[in-house]
Amino acid sequence: MGADDRVGADLVVIAEGAASVLVRKAGLKADLEPREVSVGVKEVVELPAETIQERFGLGEKDGAAYVFAGEASMGLRGGGFLYTNKASVSLGLVVSSEDLARKKVEIADLQTKFRMHPAVQRLVKGGRSRNTAPTWCPSSGRG
């Protein structure tokens with residue numbers, strides 16, 4: 001397709017997330033302000049299914065989910081989460097980008113402190129961190 005070619009459609013679904021470059025360039029949405037965006041990070045820690053079931057007191061088809069506030073985000077607006085999968089545990093944070101900038105805190109450092117907290121560490125100890133993925137999250141309803 002050339003630069004002047006156009007494609008028509010009755011409906012277009014764009015799933016770009018909070019950054020949404022295409023939607024902004026089309027003039028359909030204004031740039032988000034720092035106060036309107038939170039930064040999220042999720043880490044997946046691999047553990048044997050049997051270990052997860054034992055630590056969380058779960059049956060074979062059960063799961064568990066926890067939310068954390070206060071200490072998890074060093075008092076910044078936001079909080080932490082942890083949930084089980086069959087052979088891994090996902091844990092992470094969603095924190096105000098404005099607060100991170102004001103306090104000069106990196107989300108990766110905050111995630112490390114969260115993972116090392118005794119309440120979290122007892123649930124994931126011995127596991128292997130498979131991946132960590134940051135993301136933006138609209139936090140004002142404007143996403």
- Any side-chain heavy-atom pair from Glu106 and Leu100 closer than 4.5 angstrom? no
- Message: Applying side-chain hydrogen bond (donor to acceptor under 3.5 Å, both in side chains), can you list everything that pairs with Asp109, at least two apart in sequence or on another chain?
- Response: none
Linking I/L/V/M/F/W/Y whenever any side-chain heavy atoms sit under 4.5 Å apart, do [X] and [Y] land together?
X	Y	result
Val44	Ile52	no
Leu91	Leu58	yes
Val124	Leu93	yes
Val41	Val120	yes

Would you name the heavy atoms of [X] and [Y] that are closest together and state the gap between them?
X	Y	result
Ser38	Val94	CB-CG1, 3.7 Å
Val39	Ser97	CG2-CB, 3.8 Å
Ser90	Lys42	CB-CD, 4.1 Å

- Message: Checking Lys113 now: which residues fulfil side-chain contact (heavy atoms from CB on, under 4.5 Å) with it, not counting sequence neighbours?
- Response: Met74
- Determine which pairs satisfy ring-ring contact (aromatic ring centres under 6.0 Å, His included) with at least one residue from residues 22-47, sequence neighbours left out, and list them in order. none
- Item | Selection residues 87-121 - residue pairs positive for ring-ring contact (aromatic ring centres under 6.0 Å, His included), sequence neighbours left out | Phe68-Phe114
- Hey, could you give me each pair passing salt bridge (Lys or Arg N to Asp or Glu O under 4.0 Å) that has a residue in residues 45-65? Not counting sequence neighbours. Glu46-Arg128, Glu46-Arg130
- Message: Before you tell me yes or no, could you show the steps for Leu123 and Val89 under side-chain contact (heavy atoms from CB on, under 4.5 Å), namely the whole-Å CA-CA distance, both residues' side-chain angles and the distance that decides it to 0.1 Å?
- Response: CA-CA 9 Å; Leu123 298 171; Val89 173; 5.9 Å; no
- Quick one: side chain to side chain donor-acceptor pair (under 3.5 Å) pairs with a partner in residues 66-81, sequence neighbours left out? Arg77-Ser96, Arg77-Glu98, Arg77-Asp99
- Message: With a 3.5 Å distance limit and no angle check, can you tell me whether Thr112 reaches the backbone of Ala108 through a side-chain donor-acceptor pair?
- Response: yes
